[in-house]
Amino acid sequence: KAKENGANHYQFFDQSMVDQNVNKFELENDLRNAINSKSLTVFYQPKYNATTNEITGAEALARWKHPRHGMIPPGVFIPIAEEANLIVPLERLIIRQVFSQLVAWKNRGFEVPRTSINISIIHFYQEDFVKFMQHTLKEYDLYGELIEIEVTESIMIKKEDSINSQLQALREIGIEVSIDDFGTGYSSLSYLSKLSVDRLKIDQSFISHSQENREIISTIVSMATNLKLKVIAEGVETASQIDLLKSLGCQEVQGYFYSPPLPSNEYETMMNKQPQET
Ligand code: C2E
Ligand code: MG
Ligand code: MG
Ligand code: MG
């Protein structure tokens, strides 16, 4: 059922629209307007400990409802934003929306777990990124311990000292760093040991055919263990995938089996609420 919901979010969108240049240009303009008018929203997908079934965190995912075309998937609008110099303002809008939501939940007595935000490698070329995170945390009176960023493996291909020192600075203020879609890039494994990160996120393509990819998953889990990194599997859809992941030592999981990404008001019903102070 959850899987159907996930697909249905995009039922009004036709991929052929972006294959035509005219419409791509139109989408770019509409996206710019949507960012300026702060009309993007955020869905939250919980992450779980597969043994205790407790929520360990959530991933924030950008959502854009186009006034005429309906929901447009981030797989379409994020690349457009990256090409059109819109990714930094887009991600800063998402960061602020997440922070403001976390504050609202805290004020209402929720035990808010760590929330991850996807950050494009392009954002690391904006030299004030770390400062922006520090200032914005302060502005919302939040701590880095509530935040995680997910960066794709492309961050490892670049091998840039400046990126690594930014990751280090973010970790120094309590923010965790995860490598998203791990295993799909052509990254240097020797560089991984030098990179300042906390967690590997095993790409969902390995999980969706987990029996065939058993050795690969097992290798990634051992590598994480040896490098003293945490590990999570994304795109978990079946109980047998969970059993396999547990047997291979991967405890943290995320996917439609547990929950699709949800609007904030639906996700909050899954969080624990502390007794309200009077
Ligand atoms: P991602 O960060 O790897 O996020 C996981 C994607 O897989 C999400 O798609 C999520 O809805 C989907 N998913 C979760 N569980 C399952 C499952 O069990 N089965 C399957 N088949 N899919 C599952 P979504 O929300 O469409 O996002 C796609 C990608 O767009 C994300 O991949 C991420 O790379 C990017 N994205 C989304 N929001 C942002 C953002 O604010 N900034 C940046 N840079 N990228 C973003
Ligand atoms: Mg992600
Ligand atoms: Mg991913
Ligand atoms: Mg991805």
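Both counts, for ligands and for their atoms, begin at 1 and track the order of listing. FYI, side chains are in, hydrogens and waters are out, and symmetry mates aren't considered; it's all heavy atoms of this structure.
Within the listing of ligand 1, atoms 44 (N) sit less than 4.0 angstrom from a heavy atom of S120. Each of the following atoms of ligand 1 lies closer than 4.0 Å to a heavy atom of E237: 17 (C), 18 (O), 19 (N), 20 (C), 21 (N). Listed by atom number, the atoms of ligand 1 under 4.0 Å from P261 heavy atoms are 11 (O). Short contacts between ligand 1 and Q45, defined as distances under 4.0 Å to a heavy atom of the residue, involve ligand atoms 14 (C), 15 (N). Within ligand 1, the atoms closer than 4.0 Å to a non-hydrogen atom of E234 are 3 (O), 5 (C), numbered from 1 in the order shown.
In terms of heavy atoms, M271 sits closest to P113 at SD-CD, 3.6 Å.
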Stepwise side-chain contact (heavy atoms from CB on, under 4.5 Å) test for L200 and L227: CA-CA 10 Å; L200 303 181; L227 294 170; 5.8 Å; no
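Between the OE2 atom of E234 and the OD1 atom of D181, the angle centred on the Mg ion (ligand 3) amounts to 90° when rounded to 10°. Seen from the Mg ion (ligand 2), atom OE1 of E150 and atom OD1 of N118 lie 100° apart in angle, a value rounded to 10°.
Below 3.5 Å of separation, one finds no N or O of E82 facing any N or O of ligand 1. At under 3.5 Å, not a single nitrogen or oxygen of Q254, backbone or side chain, sits near a nitrogen or oxygen of ligand 1. Of the polar atoms of I78, none of the N or O atoms is found under 3.5 Å from an N or O of ligand 1, judged by distance alone.
Note on I94: it clusters hydrophobically with L86, by side-chain heavy-atom contacts below 4.5 Å among ILVMFWY residues. At a threshold of 4.5 Å between side-chain heavy atoms, the hydrophobic network of Ile, Leu, Val, Met, Phe, Trp and Tyr places I175 and V151 in one connected group.
E59 contributes atom CD, which lies 6.5 Å from atom CD of E234 (distance to the nearest 0.5 angstrom). If you take NE2 on H69 and CH2 on W64, they are separated by 8.0 Å, rounding to the nearest 0.5 Å. Rounding to the nearest 0.5 Å places CG of L31 at 4.0 Å from CD1 of I35.
Residue-ligand proximity: R63 is placed with a non-hydrogen atom under 4.0 Å from ligand 1. Residue E59 places a heavy atom under 4.0 Å from ligand 1. Within the 4.0 Å heavy-atom cutoff, P73 does not count among the residues contacting ligand 1.
Judged purely by distance below 3.5 Å, without hydrogens or angles, the side chains of Y140 and Q101 never pair a donor atom with an acceptor atom.
Residues K47 and E148 are paired through a salt bridge, judged by an N-O separation under 4.0 Å between the basic side chain and the carboxylate. At a threshold of 4.0 Å, the pair D181-K201 does not count as salt-bridged, since none of the basic side-chain nitrogens sits closer than that to a carboxylate oxygen.
The Mg ion (ligand 3) has no N, O or S atom of D203 closer than 2.8 Å.
Heavy atoms from other residues, nucleotides or ligands lying under 6.0 Å from CG of N226 number more than 12.
Here D181 has side-chain heavy atoms under 4.0 Å from ligand 1, and that is the only part of it that gets that close.
For atom 2 (O) of ligand 1, the nearest non-hydrogen atom from the set I87, L61, I117, D180 comes from D180.
Nearest N, O or S atom of D180 to the Mg ion (ligand 3): atom OD1. Shortest distance from the Mg ion (ligand 2) to E59 is reached at OE2 (N/O/S atoms only).
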